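Scroll down for the structure; my scribbles are underneath it.
Keep in mind the model is a prediction, meaning the values are calculated, not measured.
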Amino acid sequence: IVVSASALETYARCPFRYFLSAVLGLGPRQDPEKILVLRPQDRGLLLHDILHDFFSQLRTAGQLPVADHADRALSQRLIQTAQRHFEHFAETHPTGFALLWELEKERMHERLALLLKREGQRGAAFVPEAFEAHFGLGMSAGLAEEISDQVLASPFFPEIPVQFELDDGEVIGLRGRIDRIDLSTPAESAESGEIGGQQKARIKARIIDYKTGKPPRGQFAKGLALQLPLYLFAAQTLRPELIWESARYVGVDGSDQNTPAEFTAETWPEALRTLRHILTILVTGVRSGCFFPQPDTCYPCPFPEICGS
């Protein structure tokens, strides 16, 4: 079995929803004429695409870290990048009433501007290095179509299996995509020992997952927040030469989501044991065909007409 963090979170939220989406392959019925406002999931995808494009441009242009470059020039580039994505999105997706769409764009511009400002305030100890860093058991044609040519040309992780052993000894495969990975600058990197009369530094790394909504409550949120720990496990497995310092959420307005959901090198051993226990329970449920509905998680649900709970 090969699973993603989002699929496991869906099962933890509602096993029947997992059955409909992951097992039967069903999706929500789309009726563009009934969409009056921008849907939250579309807003999240749009903001993620803008940030990926923007930071990729800065890396190509040698304008990272943000703290070392002029605010005005970067702000103008961000506005132009966002506007280009807004125009393309409006051509390919329903956006609802025109006035509400204009207000949505204005709010997204404001949130992106705040993110850029706070990005500069964080200093230059870490530099964004990888965006939409994918990992897993090979790449399907569908996934390849969703990932930019630039990411495919220089993948951050090797394309090898990421195996996770459960409490009962079963091994499952993991796949996913990490929003962003930052690497430390030479001045921030840790010294790991003397080789040939010189100190060899090990590069530090941290994982950032953008959140457009509220961050989860607690590290695992009863199985509803598995992305960060699974991403950190995969990263440590695939790139052990790096010192994986942390994995945390960052709001799309640039605000630090300082909640218990953050994982650090110090808390990771205990967190890994908890993660292994949670995944064992979830995978056992999937394997046994336990797909009951969970009525207290119905909103929002893409299958109200099928379920009826």
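In plain terms, the two heavy atoms of Ile181 and Ala133 that are nearest each other are CD1-CB, 3.9 Å. Of all heavy-atom pairs spanning Leu242 and Arg202, the tightest one is O-NH2, 3.5 Å.
A 6.0 Å sphere centred on NZ of Lys117 holds no more than 12 heavy atoms belonging to other residues, nucleotides or ligands.
Residues satisfying the ring-ring contact (aromatic ring centres under 6.0 Å, His included) test with His93, not counting sequence neighbours, are Phe89. Judged as a side chain to side chain donor-acceptor pair (under 3.5 Å), and not counting sequence neighbours, Gln294 has no contacts. For His109, the ring-ring contact (aromatic ring centres under 6.0 Å, His included) partners are Phe86, not counting sequence neighbours. Here Glu266 pairs with Thr264 under the side-chain contact (heavy atoms from CB on, under 4.5 Å) rule; sequence neighbours left out. In this structure, the side-chain contact (heavy atoms from CB on, under 4.5 Å) partners of Leu24, at least two apart in sequence or on a different chain, are Phe19, Leu20, Leu26. The salt bridge (Lys or Arg N to Asp or Glu O under 4.0 Å) search around Asp179 returns none, not counting sequence neighbours. Partners of Pro128 under the side-chain contact (heavy atoms from CB on, under 4.5 Å) rule, at least two apart in sequence or in another chain, are Phe55, Leu64, Glu119, Phe131, Arg180, Asp182. Partners of Tyr18 by ring-ring contact (aromatic ring centres under 6.0 Å, His included), not counting sequence neighbours, listed by chain and number: Tyr11. Partners of Glu104 by salt bridge (Lys or Arg N to Asp or Glu O under 4.0 Å), not counting sequence neighbours, listed by chain and number: Arg43, Arg107. Taking the side-chain contact (heavy atoms from CB on, under 4.5 Å) definition, one finds that Arg39 meets it with Gln30, Ile35, Gln41, Asp42, sequence neighbours left out. Judged as a salt bridge (Lys or Arg N to Asp or Glu O under 4.0 Å), and not counting sequence neighbours, the contacts of Arg273 are Glu270.
For Ser184 (side chain) and Lys204 (main-chain N/O), a donor-acceptor pair under 3.5 Å exists by modelled atom type. A side-chain donor-acceptor contact under 3.5 Å links Glu9 to the backbone of Leu226. Looking at His52, its side chain never comes within 3.5 Å of a backbone N or O of His48 through a donor-acceptor pair. Thr81 places a side-chain N or O within 3.5 Å of a backbone atom of Arg77 that can act as its donor or acceptor partner.
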Below 3.5 Å, can you tabulate the donor-acceptor pairs from side chains in residues 233-241 to any protein atom, sequence neighbours excluded?
| from | atom 1 | to | atom 2 | distance (Å) |
| --- | --- | --- | --- | --- |
| Gln236 | OE1 | Trp268 | NE1 | 2.9 |
| Thr237 | OG1 | Phe233 | O | 2.8 |
| Arg239 | NE | Glu241 | OE2 | 2.4 |
| Arg239 | NH1 | Phe156 | O | 2.8 |
| Arg239 | NH2 | Glu241 | OE2 | 2.9 |

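Separating the CD1 atom in Ile178 from the CG atom in Leu230 is a distance of 10.0 Å, to the nearest 0.5 Å. Going from atom CD of Glu106 over to atom CE of Met108 covers 11.0 Å, rounded to the nearest 0.5 Å.
Between the side chains of Glu159 and His134, at least one donor N or O lies within less than 3.5 Å of an accepting N or O. The closest side-chain donor-acceptor pair between Ser6 and Gln227, if any, does not fall under 3.5 angstrom.
Cation-pi contact between Arg206 and Phe126: present, with separation from the ring centre below 6.0 Å and deviation from the ring axis of at most 45°.
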